[in-house]
Amino acid sequence: MRKVVKFGGSSLANAEQFQKVGDIIRSEESRRYVVPSAPGKRFSKDTKVTDMLYACYDAAVAGDDFSGQLKAIKDRYYEIIRGLKLDLSLEEEFKQIEADFKNQAGSDYAASRGEFLNGKIMAAYLGYEFVDAASVIRFDKNGNFDSEKTDKLLSRRLAKCEKAVIPGFYGACEDGVVKTFSRGGSDVTGSLVAKAIKADVYENWTDVSGFLVTDPRIVDNPAVIETITYRELRELSYMGATVLHEEAIFPVRKEGIPINIRNTNKPEDEGTFIVESTCKKPKYTITGIAGKKGFCSINIEKSLMNSEIGFGRKILQVFEDQGISFEHVPSGIDTMTVYVHQDEFEEKEQQVIAGIHRAVQPDFVEMESDLALIAVVGRGMKSTRGTAGRIFSALAHVNVNVKMIDQGSSELNIIIGVENRDFETAVKAIYDIFVITQI
Ligand code: ASP
């Protein structure tokens with residue numbers, strides 16, 4: 001059994017957290033490849049080391065004295081080294097970083113040092129080999145991630161290591177210039193390592209015990225999802241559920257490697273398994289409820305629209321030309337409604353309306369703002385009659401008016417549009433009916 005274990009910033013914020021991580025790794029022989037993030041927040045008002053590095057580098061670029069900022073970063077690492085009673089010096093590394101900052105090595109390089117240094121500490125603490133991500137995670141000359149090269153380099157290099165620490169978040173171009181993934185990108189590194197070594201499981205350790213059925217800011221103590229498929233997760237994540245970096249699922253998904261989200265502070269919890277497919281029946285009919293406020297709908301009406309070939313394309317072209325992505329396009333015989341993000345749309349509103357008039361000469365165009373979309377997702381819905389009925393009677397019960405319904409033929413999700421002010425009430429009502437009362 002071979003596992004890749006990735007630990008997030010809060011799991012590595014100080015020596016005490018490092019010790020928990022060490023205990024977790026040592027408790028299973030299979031936890032052989034470790035991907036650390038940079039130290040995160042120790043308390044809610046604290047600053048992540050990655051953010052300290054960005055700010056320090058900005059000062060360096062502006063020609064300001066950045067020695068105080070660099071010292072504060074160094075202190076974070078030495079607090080960990082001392083707490084772990086390690087005999088490890090990072091003086092050489094910090095000298096190099098200072099020189100590279102003066103030479104303006106780039107903000108990606110600056111941010112990457114957070115993981116690089118934490119990886120050094122982790123390797124010393126565990127007695128594992130340190131593998132610099134710059135030598136195994138490859139970006140092309142345009143700065144785009146090169147998955148084929150990376151897979152080759154990683155698998156070749158790790159075949160030679162029994163046990164290794166590979167820092168998350170960054171890699172390098174052929175010429176050595178360091179590049180990072182987007183924020184939270186250590187998740188992606190973990191996934192790439194899991195793919196390269198053909199891991200049995202990719203464990204992603206964080207500060208929650210897995211994915212929750214819904215947002216804990218809306219429902220108190222929501223249930224944990226035991227097993228979720230990659231498709232379900234995509235449906236939920238696009239509505240804003242963030243535990244895992246979106247791009248982290250693709251490398252392992254292709255290989256059929258499950259991801260197990262675990263809690264460093266509660267290692268006894270099983271967490272959530274993310275799998276390609278499963279015959280395990282979900283505990284509840286629905287797997288999760290996610291949603292977001294802040295959408296606008298643009299309703300276009302034109303008599304005999306249904307027989308006008310290319311109508312839909314012309315409308316969507318107007319949005320494309322303005323660089324606005326659409327979320328949903330429900331339609332009727334003479335109407336078509338486009339749902340877009342309010343913040344993307346508002347400033348281009350008049351150009352879009354003019355564009356629609358020019359493109360299709362509609363009878364009229366009507367708009368509505370302050371709408372919320374809720375996605376009710378679950379593989380269990382496919383084989384269960386009456387799911388939609390239960391959702392809508394629950395919403396009627398709490399006096400929520402439904403503005404839009406969209407169910408794809410996959411029967412994996414139902415999207416519901418409501419007014420922003422009804423959003424929380426609606427989510428609670430749907431959660432109650434499927435998880436609490438289960439009627
Ligand atoms: N340290 C980086 C960040 O704060 C990457 C990560 O933690 O995954 O975004």
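FYI, side chains are in, hydrogens and waters are out, and symmetry mates aren't considered; it's all heavy atoms of this structure. Nothing here was measured: the structure is a model prediction, and the numbers come from that model. Counting convention: from 1, in listed order, for ligands and their atoms alike.
In terms of polar-atom proximity, Thr50 is counted as a contact of ligand 1, with an N or O under 3.5 Å from an N or O of the ligand.
Within a 6.0 Å sphere centred on CD of Glu29, heavy atoms belonging to other residues, nucleotides or ligands number 12 at most.
You'll find the side chain of Arg42 stays beyond 4.5 Å of the side chain of Gln17, heavy atoms only. Counting heavy atoms from C-beta outward, Tyr77 and Asn118 have side chains that approach closer than 4.5 Å.
Shown here are the salt bridge (Lys or Arg N to Asp or Glu O under 4.0 Å) partners of Lys48, two or more places apart in sequence or in another chain: there are none.
Close approach to Glu115 involves these atoms of ligand 1, each under 4.0 Å from a residue heavy atom: 1 (N), 2 (C), 5 (C), 6 (C), 7 (O).
Summary of contacts: the protein heavy atom closest to atom 7 (O) of ligand 1 is Ser37 OG, 3.1 Å. Residue, atom and distance of the protein heavy atom nearest to atom 3 (C) of ligand 1 are Arg183 NE, 3.3 Å. Atom 6 (C) of ligand 1 has Ser186 OG, 3.4 Å as its closest protein atom, hydrogens excluded (heavy atom only).
Judged by the shortest distance from any of its heavy atoms, Gly185 lies inside the 4.0 Å radius around the atoms of ligand 1. Ligand 1 has at least one atom lying under 4.0 Å from a heavy atom of Gly184.
The residues Glu203 and Arg31 are annotated as salt-bridged, a charged nitrogen and a carboxylate oxygen being separated by less than 4.0 angstrom.
Under 3.5 Å, the side chains of Asp132 and Tyr170 contain a donor-acceptor pair of N or O atoms.
Here His245 has no heavy atoms under 4.0 Å from ligand 1, in either its backbone or its side chain.
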